[in-house]
Amino acid sequence: MVTPIVTLTNGVEIPQVGLGVFLMTDEEETVWALKHALKVGYRHFDTAAVYGNEAVLGQTLKDAGIAREELFLTSKVWNDMQGYEKTKQAFLESLEKLQTDYLDLYLIHWHGPYVKDTWRAMEELYQAGKVKAIGVSNFSINHLEAMKEYATIMPMVNQVETHPYFPQDELRAYLEKENIRHESWGPLSQGKSDLLLHPLLAEIGEKYGKTPAQIVLRWHIDRGSIVIPKSVNPGRIHENFELFDFKLNDEDLAAIAKINLETRYGRDPENTGFEW
Ligand SMILES: NC(=O)c1ccc[n+]([C@@H]2O[C@H](COP(=O)([O-])OP(=O)(O)OC[C@H]3O[C@@H](n4cnc5c(N)ncnc54)[C@H](OP(=O)(O)O)[C@@H]3O)[C@@H](O)[C@H]2O)c1
């Protein structure tokens, strides 16, 4: 099974569906989940220094013997490593743990006080060819507007919490205008809401022979977003990748738009303290 592709502004192609590995902390379980995901066809993996599993991911991918160019690896610089020198150091540490000499995408995990120096380091890593694309995560419209003052290269991706209960319509419209690709984290609302029990999703799912989770993931795809559901459960890893043999129509999308609760379950990037 091959996922659709999203093309970033610089021409880099990213598989639209990847595996998120947040909270995969048990090594044995993680290895098992990753192996299963590779077998199912996942080639795009979304990790971060702070997840503490870059090394397990790197080793598992190496053991699988898949050519590096077939993989799409994203990592993120954590808050305590922001700043010019530290970001470069963090990047090298991520490369070492992932057992690779380049990343496909490197993101600033959260906006913070050292963002200008952090971004300068990211731009240099990009210009040196050590990372194929650079971007941000949890950046608001204000953060991105401010970047125009100091960035030489604007981010190619903004990864933010997005699901039908928090569809990010305003931010997504802005990103589209600015040619920044939208990536959904917490695409199933992290299991923190009753989203997957919503009767509308079951109803639409029945039409296509799909589960509510598949309807939600297809909703992300049909809106053009990159999406990185996390699961350590083999059945769900499979389920979350069985998305490419159907498509939601305008009526489905309009109905799902109505269940918006404008509720986020993670922190608000505009009002969060910068945690070290
Ligand atoms: N940039 C950021 O600040 C940020 C923040 C959070 C997440 N992320 C990234 O985004 C990825 C995805 O977000 P997330 O992991 O927070 O949340 P998520 O993917 O929305 O939800 C994961 C939860 O849903 C369960 N699940 C997965 N597939 C399911 C299915 N088909 N049916 C029912 N339940 C299912 C998982 O349990 P099982 O594992 O038991 O299946 C897990 O509890 C992360 O792994 C990470 O890579 C980034």
Side-chain angles (χ1 to χ4, degrees), residues 14-26 29-30 32-34 36-37 40 42 44-54 56-57 72-79 82 94 98 103-112 135-140 143 155 157-168 171 181-198 201-202 205 210-221 225-243 263-270 272 274-275:
I14 175 166
Q16 197 171 3
V17 180
L19 186 76
V21 303
F22 179 43
L23 297 184
M24 288 198 196
T25 45
D26 180 279
E29 184 180 60
T30 303
W32 215 79
L34 292 171
H36 190 74
V40 165
Y42 290 79
H44 164 191
F45 297 89
D46 182 272
T47 186
V50 75
Y51 299 169
N53 54 21
E54 290 173 304
V56 176
L57 176 59
F72 193 101
L73 297 182
T74 302
S75 194
K76 314 179 192 91
V77 55
W78 186 238
N79 304 347
Q82 284 205 34
S94 287
L98 286 162
L103 285 186
D104 296 281
L105 179 62
Y106 199 43
L107 306 178
I108 299 184
H109 209 141
W110 286 89
H111 189 272
V136 295
S137 176
N138 301 303
F139 273 41
S140 64
H143 295 148
V157 170
N158 187 19
Q159 185 186 111
V160 290
E161 176 179 355
T162 312
H163 43 75
Y165 283 171
F166 196 66
Q168 294 272 23
L171 177 60
R181 300 292 171 261
H182 169 246
E183 183 166 26
S184 303
W185 71 249
L188 301 169
S189 86
Q190 304 187 288
K192 290 181 178 170
S193 76
D194 63 359
L195 174 66
L196 298 183
L197 299 175
H198 198 291
L201 300 175
K210 297 287 174 182
T211 66
Q214 289 171 322
I215 298 302
V216 171
L217 295 173
R218 187 68 221 192
W219 171 84
H220 289 280
I221 294 174
S225 304
I226 304 154
V227 65
I228 44 172
K230 172 263 174 188
S231 181
V232 289
N233 175 298
R236 294 203 279 258
I237 289 171
H238 195 258
E239 177 183 339
N240 296 348
F241 212 67
E242 290 277 301
L243 307 170
T263 299
R264 62 169 89 238
Y265 300 95
R267 289 184 290 157
D268 181 349
E270 280 283 336
T272 189
F274 193 64
E275 287 173 18

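Atoms within a ligand are numbered from 1 in the order they appear, just like the ligands themselves. Quick caveat: nothing in here was measured; it's all calculated off a predicted structure.
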Peer 1: Among all protein non-hydrogen atoms, which one is nearest to atom 13 (O) of ligand 1, and what is the separation to 0.1 Å?
Peer 2: Gly186 N, 3.0 Å
Peer 1: Which atoms from ligand 1 have a heavy atom of Val232 less than 4.0 Å away?
Peer 2: 38 (P), 39 (O), 41 (O)
Peer 1: Give the atom numbers and elements of ligand 1 that come within less than 4.0 Å of a heavy atom of Asn138.
Peer 2: 1 (N), 2 (C), 3 (O)
Peer 1: First locate atom CG of Leu105, then atom CG of Leu73, and finally report the distance between them rounded to the nearest 0.5 Å.
Peer 2: 10.0 Å
Peer 1: Considering heavy atoms of the protein only, find what lies nearest to atom 21 (O) of ligand 1 and give residue, atom and distance to 0.1 Å.
Peer 2: Gln190 CA, 3.4 Å
Peer 1: Side chains of Asp46 and Trp185: is there a donor and an acceptor less than 3.5 Å apart?
Peer 2: no
Peer 1: Do you know the tightest heavy-atom contact between Phe139 and Leu171?
Peer 2: O-CD2, 4.0 Å
Peer 1: Report the C-alpha separation of Leu19 and Leu34 in whole Å, then their side-chain angles, then the decisive distance to 0.1 Å, and conclude whether the side-chain contact (heavy atoms from CB on, under 4.5 Å) test is met.
Peer 2: CA-CA 9 Å; Leu19 186 76; Leu34 292 171; 3.9 Å; yes
Peer 1: Can you list the residues that meet the side chain to side chain contact (heavy atoms under 4.5 Å, CB included) rule with Ser193, with sequence neighbours excluded?
Peer 2: Tyr165, Ser189, Leu195, Tyr265
Peer 1: What residue and atom, counting heavy atoms only, is the protein's closest point to atom 5 (C) of ligand 1, and at what distance?
Peer 2: Trp185 CD2, 3.2 Å
Peer 1: Considering only the protein, which heavy-atom contact is closest to atom 38 (P) of ligand 1, and what is its distance?
Peer 2: Arg236 NH2, 3.3 Å
Peer 1: Which of these, Lys230, Glu242, Glu183, Glu239, has its nearest heavy atom closest to atom 42 (C) of ligand 1?
Peer 2: Lys230
Peer 1: For atom 47 (O) of ligand 1, which protein heavy atom lies nearest, and how many Å away is it?
Peer 2: Asp46 OD1, 2.7 Å
Peer 1: Main chain of Gly186, side chain of Lys230: is a donor-acceptor contact present, judged purely on distance under 3.5 Å?
Peer 2: no
Peer 1: Which ligand 1 atoms, with their elements, are less than 4.0 angstrom from a heavy-atom of Pro229?
Peer 2: 19 (O)
Peer 1: So does Trp110 get a backbone contact from the side chain of Gln82, meaning a donor-acceptor N/O pair under 3.5 Å?
Peer 2: yes
Peer 1: At a non-hydrogen distance cut-off of under 4.0 Å, which region of Ser231 contacts ligand 1 (side chain, backbone, both, or neither)?
Peer 2: both
Peer 1: Can you sort out which atoms of ligand 1 are near Gly20, meaning under 4.0 Å from one of its heavy atoms?
Peer 2: 11 (C), 44 (C), 45 (O), 47 (O)
Peer 1: Give the residue, atom name and distance (to 0.1 Å) of the protein heavy atom nearest atom 31 (N) of ligand 1.
Peer 2: Asn240 OD1, 2.9 Å
Peer 1: Using a 4.0 Å cutoff against the non-hydrogen atoms of Gln159, which atoms of ligand 1 qualify?
Peer 2: 1 (N), 2 (C), 4 (C), 8 (N), 9 (C), 48 (C)
Peer 1: Which atoms of ligand 1 have any heavy atom of Ser137 under 4.0 Å away?
Peer 2: 1 (N), 2 (C), 3 (O)
Peer 1: Relative to the heavy atoms of His109, which atoms of ligand 1 are at a distance of less than 4.0 Å?
Peer 2: 1 (N), 2 (C), 3 (O)
Peer 1: For ligand 1, find out whether one of its N or O atoms is nearer than 3.5 Å to an N or O atom of Leu196.
Peer 2: no
Peer 1: Do Ser225 and Glu183 have side-chain N/O donor and acceptor atoms under 3.5 Å apart?
Peer 2: no
Peer 1: What about Lys76: any of its N or O atoms under 3.5 Å from an N or O on ligand 1?
Peer 2: no
Peer 1: Does a donor on one side chain and an acceptor on the other come within less than 3.5 Å for His182 and Thr162?
Peer 2: yes
Peer 1: Tell me every residue that passes side chain to side chain contact (heavy atoms under 4.5 Å, CB included) with Ala48, counting only those two or more places apart in sequence or in another chain.
Peer 2: Val50, Tyr51, Lys76, His109
Peer 1: Does ligand 1 come near enough to Gly191 that some N or O of the ligand is less than 3.5 Å from an N or O of the residue?
Peer 2: no
Peer 1: Polar contacts were defined as any N/O atom of the residue lying under 3.5 Å from an N/O atom of the ligand; does this apply to Ala213 and ligand 1?
Peer 2: no
Peer 1: Quick check on contacts: which atoms of ligand 1 are under 4.0 angstrom from a heavy atom of Ser189?
Peer 2: 20 (O)
Peer 1: Measure the distance from atom 44 (C) of ligand 1 to every protein heavy atom, then report the residue, atom name and distance (to 0.1 Å) of the closest one.
Peer 2: Phe22 CB, 3.3 Å
Peer 1: Any side-chain donor-acceptor pair under 3.5 Å between Ser94 and Glu54?
Peer 2: yes
Peer 1: Tell me which protein heavy atom sits closest to atom 20 (O) of ligand 1, plus the residue, atom name and distance to 0.1 Å.
Peer 2: Leu188 N, 2.7 Å
